[in-house]
Amino acid sequence: MSCETTLTLGSFATGELDDAVAERVALHLEQCPTCAQAVESSRSNWAEVRAAYRPGRASDALRSRVRWSTRLPEPRRWPRVALAGGAALIAAVVLLALAALQPPATRRASLDHLAVLFHDAYVNGATPLDLRTDDAAALSTEFSRRLKFSLHLPPIAGPDLTLLGARLVQVGDELALMLAYRQGKDVLSLTVSPQSAAPLGAGVVQHFRGIDFRSSEQGGHHVVQWTDGQLSYALVSSAAAQTGTGCGICHAPGSGLSNVDDFAGGG
Amino acid sequence: MSGHRNVAFDAAVLPLLDDVFDFARHLTGEHAAAEELAQAAFARAFEAFHRFRAGTSARAWLFTIVRNLYFNDQRGRRRHPTISLEEVGDLGAALEEPASDQTLELDQAIALLPVKLREVVVLDLQGLTCREIAGVVTCPAGTVMSRLHRARQVLRGLLEVPARSRGVHP
């Protein structure tokens, strides 16, 4: 078998080849130490470059401008109906009266609604995680710098539960955090937001250790929301509501939580 | 329905502002121009959000908008600015945390790439797959692979001297 081109080897090293070509290259590498060394070298060099890359962050001023420019209500499209004289005037008055009675277009969305959108956007691959890690302490440190509240995530050590990472999300006018976990075959997400950013949605209320937990079903997901101090939480999972055992983040034996207050951010 | 559109846009698109700004700063080479481009891209994305297909990559969709706006603007101006090492200071200013020496060198090196190599390498560093990059820059995946390979070669060459001067092998 002849040696591969450096282009093919470089692409193989960074995982960019189609499966069929990658398979062919992998077979070749088993027999060719020179190409294997070239792949390893290419892989480690590019890994160093990736590690050194620090993406720029949008300034708060830009964030505000973008948020403002995407808050404008859509222009109303009036029906193209030819009305004449008094009929047009009457219709216009009626339409204006109806428009005045409509609720504001930018009414604040509830936390459960937003959390389901964040969850679906992540699961569908539309919004990947900002930081992929199962290190709760590292994740708390990283995002506490970027959020207006501090995080104290407990170490999760359940055999069936893994912290996948997190990404910043926008809740109302505030930055919030969506944490992603894998429990068995399911992906769970937990959105942690300043309490003032969005109201909790409706749901069946269960009072437990001084906190009201609201459970609801939305779009095939089970959602549990609660507020504790200055922060609100919304847990989205595919699990059916099961009191006390629905989610391993808090209820697994390895979660390390003895009290609901252990899972909290600072104010 | 505008309230619903706002909520959906907030969930799928607004969290990607940092990514869009990062791509824009590498395309334009100037902090102010990058902010202008990112803002214009979000305004365009908001207008066209009804065309975004749920389940597809919002990042790739946004990067396509950024790129189209940038190149349309360049075609309109009939000029293609080049970036000097002195101008790269603006890129460093966009970093929130003090950047390591190596980071600034990497930013400087990326800024020196021709735009066709620069855009694919930044999209790669942003985590897009080769196929996604091909969709954004509208060329075959093989061409993306070739450009990425060339970009890495050039970057390795550009990063080698600063790294060696610190006694670090690249």
Side-chain angles (χ1 to χ4, degrees), chain A residues 5-11 14-18 42 45-46 48-59 61-63 65-67 69-75 103-109 113-114 116-118 120-121 124-128 130 145-146 167-172 175 178, chain B residues 1-3 5-22 25-26 31 34-35 38-39 42-43 45-46 54-59 91 94-97 99-100 102-103 105-107 110 124-127 129-130 141 144-146 148-150 152-153 155-156 159 170:
Chain A
T5 64
T6 51
L7 168 59
T8 305
L9 292 176
S11 301
T14 48
E16 291 153 6
L17 292 180
D18 289 337
S42 178
N45 279 340
W46 193 240
E48 280 188 26
V49 172
R50 273 188 183 282
Y53 187 65
R54 295 285 179 274
R57 291 203 60 217
S59 65
L62 174 61
R63 206 172 294 282
R65 288 202 302 276
V66 165
R67 181 145 187 83
S69 66
T70 56
R71 287 300 81 197
L72 297 177
E74 294 176 67
T106 54
R107 184 175 50 188
R108 287 202 305 167
H113 185 185
L114 291 171
V116 168
L117 287 170
F118 300 147
D120 283 343
N124 293 335
T127 53
D130 290 332
R145 287 193 302 222
R146 302 168 72 176
R167 79 164 289 116
L168 290 173
V169 291
Q170 190 86 27
V171 174
L175 274 181
M178 188 205 75
Chain B
M1 291 300 289
S2 56
R5 184 167 86 162
N6 283 340
V7 170
F9 188 84
D10 284 0
V13 180
L14 213 53
L16 302 172
L17 177 56
D18 284 340
D19 297 342
V20 166
F21 171 73
D22 187 54
R25 80 187 175 105
H26 282 295
H31 184 87
E35 288 207 334
Q39 186 172 350
F42 270 83
F46 189 64
T56 60
S57 169
R59 298 170 84 223
L91 293 175
L95 297 169
E96 190 174 68
E97 302 164 22
S100 67
Q102 193 180 6
T103 302
E105 286 159 9
L106 177 57
D107 270 347
I110 292 172
D124 178 64
L125 289 168
Q126 287 255 9
T129 65
C130 213
V144 171
M145 284 164 53
S146 170
L148 269 177
H149 180 70
R150 178 69 187 135
R152 288 170 186 162
Q153 276 184 324
L155 281 179
R156 271 199 287 272
L159 293 170

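To find a chain, count down the sequence lines: A is the first, B the second, and so on, and within it residues start at 1.
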Nearest heavy-atom neighbours spanning B:L17 and A:R63: CD2-CA, 3.6 Å
Identify which part of A:R167 has an atom lying under 4.5 Å from any heavy atom of chain B, answering side chain, backbone, both or neither. side chain
side-chain contact (heavy atoms from CB on, under 4.5 Å) assessment of A:Y53 paired with B:D22: CA-CA 11 Å; A:Y53 187 65; B:D22 187 54; 2.4 Å; yes
Compare every heavy atom of A:L117 with every heavy atom of B:A11, then report the nearest pair and how far apart it is. CB-CB, 3.4 Å
A:R65, CZ: over 12 other non-hydrogen atoms inside 6.0 angstrom: yes
Heavy atoms only: give me the nearest A:A52-B:L106 pair and the separation to one decimal. C-CD2, 3.9 Å
Carboxylate-amine/guanidinium proximity below 4.0 Å for B:D107 and A:R54: no
Donor-acceptor under 3.5 Å (B:D18 side chain, A:R57 main chain): no
When rounded to the nearest 0.5 Å, the distance separating CG of B:D10 from CG of A:L114 is 7.5 Å
